[in-house]
Amino acid sequence: MYNSTHVIQTGDESVFVYSEAYQRWMLEHSTVRHVTAEQGAALVSLTSPYTQINFDDSHYVPSLMLPHQPGDRDRITLHSTSPRSARIDGSNISGYGDLMLNKGDDYEFMYIAERKSWVLTRYPTTEYQARALRNGILPQLVRPRTRVTFADGNWVRDLHLPNPSPAGYRVVVETQATWSLSVRGLGDASAHATNLKTGDTVAFVVDEQGKWKQETITIDMLLLYSDKAAQRIGETQERSRMLEGLRLTNEALENSRANFRVRMVGLEMVPARDHWTILDHPLSDLRIDEAVQKRRNELRADAIYYEGTEAGCGLAWINRSDPQTSAFNMVGTGSLNCGTTVMRHEFGHNMGLDHGVSTDDTGGQYWVGNSRVGTIMGGNKIPFYSSPNLYTRHGVPLGVEGEVDAVRAMNEFSATVAAFR
Ligand SMILES: [Zn+2]
């Protein structure tokens, strides 16, 4: 599939797997070449698709640049056991400025020939509890992603993002706290702030000018389950299933770098009507059910997702062009017949997505999944929506620019959806 650097030496082992979908052999694994940081800094060419550069005290270098002309899809991992931090030059890394490598950190990069740059495929996350931050001040960021969690008893009024911070670095804030909080330090003005409410997950990212900007907006969802579903598996179990479906949906949106997240504004039981035998029935009825629509308006839910015992796996309206009909049709359904990954798929339909295709040419109808790699709308086998900016572990892009790009389609629609209620 790709012209990676591959010189097989004595004792090496390489495993290839044949992809039926692409009619090509793909590299599954091969021997990892271990080199010291000193050797790594001097690397011009690679002799294996897998190279690990180890930073330890005896072979430490303060900075390193990844090789400029590796083979396509070659991978480099960086690992540090040194207490001294090292700088990884960002000039040939896609989407990032310089990166810092600290003790215990693991980074993985893959070279994407068509981008002429290295793509960061694995990196560490720093976790903070809000109460551990003095006056809500986030220390200087040392990793590409930092997660800060808020809850009752674990809360500060203001979270201050550190300035300056490196381009591409992100902070993801999650709150279950009753009180709202403000995130400060965005853009040019220090007074600029974003307010977060209960259940919110909001990501912030440093742009190429070094300014913080809000990366995600919030779509509010009312989660409903039927009395029959609660009876069949127990109400506690049913509520857990709904929460797990929501968690998997948000995980996929984070993985895919979508510009929105979903917030649950209600988790409530509704009576299944006698004539509901297949999912088509609640899918139609919930749009006009007076009690449900009253709750939707009270809670200002942009979307509704329902789980019941009806025949079927999942079913949803595909919303796109007309905001009027889309707001009305913002309903997805699933059944106990299937698993908790159904929600992320059905919600994708609500966000305007069609099923997956097995082609690079859709004639510009890019709101589709990628069936060849099993994205969420194309088989739902991996926790990603299709996008040309994401890759499988074999290095295959999950989408094609302007042709297969579910993330773009959802990103273009999300602000409209967030304003439905
Ligand atoms: Zn579907």
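Start at 1 and go down the list; that is how both ligands and their atoms are numbered.
Counting only protein atoms, the N, O or S atoms lying less than 2.8 Å from the Zn ion (ligand 1) are H345 NE2, H349 NE2, H355 NE2, ordered by chain and residue number.
Ion pair D289/R296 not flagged as a salt bridge, since none of the NZ, NE, NH1 or NH2 atoms sits closer than 4.0 Å to an Asp/Glu carboxylate oxygen. Using a cutoff of 4.0 Å between basic side-chain nitrogens and carboxylate oxygens, R143 and D105 are scored as salt-bridged. Ion pairing between R147 and E254 fails under the 4.0 Å rule for side-chain N and carboxylate O.
Remark: the backbone N or O of R261 is not paired with any side-chain donor or acceptor of T216 at under 3.5 angstrom.
R241 forms no cation-pi arrangement with Y225, by the criterion of a distance under 6.0 Å to the ring centre and an angle within 45° of the ring axis.
A donor-acceptor contact closer than 3.5 angstrom links the side chains of R115 and N389.
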